[in-house]
There are 2 protein chains.
Amino acid sequence: MTTSPRVTIKDVAARAGVSKGAVSLAFNHKPGLSEVTRDRIFEAARQLGWAPNLAARSLAGRRVDVVGLAICRPARLLGLEPFYMEFISGVESVLTEHSCSLLLRLLRTVEEEVGLQDSWWRGKHVSGSILVDFRADDPRVAAVERLGMPVVAVGHPSLTGGLTSVWTDDASAVTEAVRYLAALGHRRVARVGGAAGLGHTAIRTAAFDAAARGLELSGAWQVATDFSGEAGARATRSLLTASASDRPTAIVYDNDIMAVAGLSVASEMGLSVPGDVSLLAWDDSQLCRLTHPTLSAMSHDVHGFGAEVARTLFGVITGGGGGSHPVPTPVLTPRGSTAPPR
Amino acid sequence: MTTSPRVTIKDVAARAGVSKGAVSLAFNHKPGLSEVTRDRIFEAARQLGWAPNLAARSLAGRRVDVVGLAICRPARLLGLEPFYMEFISGVESVLTEHSCSLLLRLLRTVEEEVGLQDSWWRGKHVSGSILVDFRADDPRVAAVERLGMPVVAVGHPSLTGGLTSVWTDDASAVTEAVRYLAALGHRRVARVGGAAGLGHTAIRTAAFDAAARGLELSGAWQVATDFSGEAGARATRSLLTASASDRPTAIVYDNDIMAVAGLSVASEMGLSVPGDVSLLAWDDSQLCRLTHPTLSAMSHDVHGFGAEVARTLFGVITGGGGGSHPVPTPVLTPRGSTAPPR
DNA sequence: GCGCACTCCTAAACCGGTATAGGCCAATGC
DNA sequence: GCATTGGCCTATACCGGTTTAGGAGTGCGC
């Protein structure tokens with residue numbers, strides 16, 4: 001098979017009987033060309049099936065239509081986490097409107113990510129990036145500020161330094177969750193949290209402690225996990241093995257897959273939900289409506305969150321933006337898995 | 001804040017006291033440089049924090065370390081589908097080893113995708129692509145052949161023409177699933193299938209029909225959905241509303257989220273699983289082990305599947321490869337949701 | 001002393017666009 | 001009639017790499 005010889009701007013120019021400059025002008029909708037010439041150029045390009053070479057275009061200084069997203073989690077775990085795919089699909093829904101693509105990369109450490117963002121930016125491979133999974137004293141803050149790279153940080157301003165950030169108020173949401181359970185009459189409450197190193201996990205942990213103290217609960221447990229269903233199941237099992245008078249009567253989970261796992265552990269242990277133990281999920285993908293009983297959750301429009309992040313990034317790239325953009329706090333959505341304790 | 005002036009190959013060359021050509025030679029590990037010069041160049045680059053500009057590099061003819069993946073499904077639906085994220089994470093696990101990134105784009109139609117792949121390739125933005133979700137007479141086959149673009153097609157060879165393909169034997173798997181249910185004693189079996197336009201759905205549909213006929217089942221229903229939990233729930237509800245003597249006693253689902261939904265519908269209708277109806281899921285993410293009862297499934301290493309696709313693509317890009325690469329057929333994994341009918 | 005091969009390196013062309021200074025020509029002002 | 005203006009377009013210098021032809025220096029055989 002003969003690979004079609006690549007058609008360049010020069011071919012189009014020749015065919016239309018103009019210079020390359022004219023073709024460039026036409027394709028970037030800049031003034032300085034007559035209507036007829038413009039049409040002739042487009043017609044020639046159409047006939048030859050020409051599309052501008054993005055590498056050349058970005059080399060010559062124009063913005064490139066790609067934004068970066070690097071995620072530091074083991075690839076295996078990521079596939080199981082409903083949050084990210086939904087987040088990405090939200091990001092994509094906005095990028096698509098701007099004919100923009102997402103450059104995705106999974107790595108192991110933040111240090112690797114610093115290097116990657118660096119070469120993405122220096123190499124003009126992206127016009128900006130989305131940064132996620134902030135931890136305390138995150139090295140990316142200083143790195144991208146030094147580069148002058150347009151980014152949006154997904155995380156609480158206390159973690160993201162001076163970067164433009166989009167965030168949900170995790171502390172308030174945790175507080176609301178605990179208050180709700182306390183209002184139902186629960187006095188012994190546990191939380192199955194996410195990965196310990198993550199900034200938002202720390203925020204939630206602190207908020208949970210504060211809320212438990214403020215409400216003078218008689219028992220408050222917290223366990224860290226890796227967000228996987230297996231870890232959620234393990235955590236639940238160990239929380240529920242204590243005697244009925246000592247174990248928690250309500251458990252809050254940091255995502256929904258762990259809550260589903262918890263539900264299954266409860267039934268495996270012969271405990272009824274919400275009779276013996278109430279469960280409260282987080283993020284609320286459609287999974288929560290597919291279990292039996294359905295899962296109460298701190299509900300959160302993850303898709304919309306991703307979309308907002310993308311919109312904010314476009315703002316930063318075009319030189320505007322900056323500042324801190326809170327998105328709506330997750331709202332409590334009671335369903336079948338929470339009730340007063342027996 | 002002052003954006004750091006970009007450092008280019010020229011700066012590195014000046015600092016190391018050599019020409020730009022020498023720097024290029026060093027960084028591409030080509031022969032023709034003495035050990036000392038090479039070291040001096042690397043040291044200079046390190047001090048200046050230089051990374052080669054990928055746009056310039058790809059413009060000048062070298063392969064670029066990016067592969068493309070375009071998915072034609074509504075962004076909203078995609079977030080809910082565990083398959084894709086797991087697939088992508090498998091792809092990434094191999095790409096990462098090669099310091100390669102994934103360019104991801106969601107679109108609405110295959111026609112759009114043809115245009116996108118075209119400009120990705122012509123624009124040298126990717127060195128190859130992964131094509132998914134084939135349908136009958138897929139226009140992408142001819143398009144990428146015309147371009148001479150390296151791609152791997154995820155789909156049965158009957159759908160992917162002469163393209164290098166990686167595929168699972170859906171027909172055998174469906175047949176095995178139906179045989180298994182029949183062997184348990186089921187005579188009325190249904191299948192809740194995926195999106196009607198998709199090639200692999202058509203293959204499964206035909207295989208299901210053939211198997212049902214071959215085994216002389218007394219009832220065989222098939223319903224098409226959009227893969228969402230809601231659609232799975234709806235389909236299950238309508239299948240199970242018939243009287244006990246008319247409705248199916250076993251249902252096969254095309255993914256696992258629909259099976260979870262089906263499980264919940266059964267219990268909402270007061271039917272016991274597997275007593276009144278057996279359920280068999282597909283793809284088998286960890287979800288299937290988290291329900292109660294656990295879901296029997298046609299189990300499939302989606303992560304490994306993605307990894308194999310990526311490996312194959314590298315083969316094609318480096319000029320080798322071609323042909324058809326079957327990956328292991330999904331294997332039946334009986335769990336708690338299947339049993340002989342009452 | 002000369003030719004020859006070999007190693008190490010440089011200069012310059014090239015990739016395919018964008019940006020810009022300036023050329024050409026008709027219309028306008030005085 | 002001649003300078004000025006303005007619209008339309010071309011020529012050319014970039015962007016930051018890769019690639020190649022070839023030059024400078026060294027060692028060696030005869």
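Note on naming: letters A, B, ... go to the chains in the order of the sequence lines (proteins, then strands), and numbering restarts at 1 for each one.
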Return the polar atom pairs (N/O with N/O) between nucleotides 5-9 of chain C and the protein under 3.5 Å, or none.
residue, atom, partner, partner atom, Å
dC9(C), OP1, S34(B), OG, 3.4
dC9(C), OP1, T37(B), OG1, 2.3
dC9(C), OP2, S34(B), N, 2.7
dC9(C), OP2, S34(B), OG, 3.4
dC9(C), OP2, T37(B), OG1, 3.2

Proximal nucleotide (of [options]) relative to the [X] side chain:
{"X": "A60(B)", "options": "dA19(C), dG16(D), dG17(C)", "answer": "dG16(D)"}
{"X": "I9(B)", "options": "dT19(D), dT18(D), dC15(C)", "answer": "dT18(D)"}
{"X": "R57(B)", "options": "dG17(D), dA19(C), dG16(D)", "answer": "dG17(D)"}

To the nearest angstrom, how far is [X] atom [atom1] from [N] atom [atom2]?
{"X": "L59(A)", "N": "dA13(D)", "atom1": "CG", "atom2": "P", "value": "17 Å"}
{"X": "H29(B)", "N": "dT18(D)", "atom1": "NE2", "atom2": "P", "value": "12 Å"}
{"X": "K10(B)", "N": "dG17(D)", "atom1": "NZ", "atom2": "P", "value": "10 Å"}
{"X": "D39(A)", "N": "dC9(D)", "atom1": "CG", "atom2": "P", "value": "11 Å"}
{"X": "F27(A)", "N": "dG17(C)", "atom1": "CZ", "atom2": "P", "value": "10 Å"}
{"X": "K30(A)", "N": "dC9(D)", "atom1": "NZ", "atom2": "C1'", "value": "16 Å"}
{"X": "L54(A)", "N": "dG16(C)", "atom1": "CG", "atom2": "P", "value": "13 Å"}
{"X": "I41(A)", "N": "dT10(D)", "atom1": "CD1", "atom2": "P", "value": "8 Å"}

Sorted by first residue and then second, give each ring-ring contact (aromatic ring centres under 6.0 Å, His included) pair with at least one member in residues 130-154 of chain B; sequence neighbours left out.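 Counting only pairs at least two positions apart or across chains, no ring-ring contact (aromatic ring centres under 6.0 Å, His included) contact touches residues 130-154 of chain B.
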
[atom1]/[X] to [atom2]/[Y] distance, rounded to the nearest 0.5 angstrom?
{"X": "L104(A)", "Y": "L69(B)", "atom1": "CG", "atom2": "CG", "answer": "9.5 Å"}
{"X": "S129(B)", "Y": "R105(B)", "atom1": "OG", "atom2": "CZ", "answer": "12.0 Å"}
{"X": "L313(B)", "Y": "E308(B)", "atom1": "CG", "atom2": "CD", "answer": "11.5 Å"}
{"X": "H200(A)", "Y": "L159(A)", "atom1": "NE2", "atom2": "CG", "answer": "10.0 Å"}
{"X": "R57(A)", "Y": "S24(A)", "atom1": "CZ", "atom2": "OG", "answer": "7.5 Å"}
{"X": "F305(A)", "Y": "T168(A)", "atom1": "CZ", "atom2": "OG1", "answer": "5.0 Å"}

Result of checking T318(B), T164(B), V144(B), I317(B) against P150(B) for side-chain contact (heavy atoms from CB on, under 4.5 Å):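 Going through T318(B), T164(B), V144(B), I317(B) one by one, the side-chain contact (heavy atoms from CB on, under 4.5 Å) with P150(B) is satisfied by I317(B) alone.
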
May I ask you to verify if any side-chain N or O of [X] is less than 4.0 angstrom from the OP1 or OP2 atom of [N]?
{"X": "K20(A)", "N": "dT12(D)", "value": "no"}
{"X": "W50(B)", "N": "dG17(D)", "value": "yes"}
{"X": "N53(A)", "N": "dC15(C)", "value": "no"}

Five-pair end axes of the helix from dG1(C)-dC30(D) to dC30(C)-dG1(D) and the angle they enclose, rounded to 10°: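 Computed from the C1' atoms at both ends, the axes differ by 60°.
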
Considering every strand and a 4.0 Å limit on heavy-atom distances, what is the contact class for T8(A): base, sugar-phosphate, or nothing?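 Here T8(A) touches the backbone only, sparing every base.
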
Do Q117(B) and R140(B) pass the side chain to side chain donor-acceptor pair (under 3.5 Å) test, and can you show the C-alpha distance, the side-chain angles, and the key distance before you say yes or no? CA-CA 9 Å; Q117(B) 298 289 357; R140(B) 289 172 294 178; over 6 Å; no

Kindly assign one of parallel, tilted or perpendicular to the pair Y84(B) and F87(B), based on the angle between their ring planes and the thresholds 30° and 60°.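 Answer is perpendicular, since the angle exceeds 60°.
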
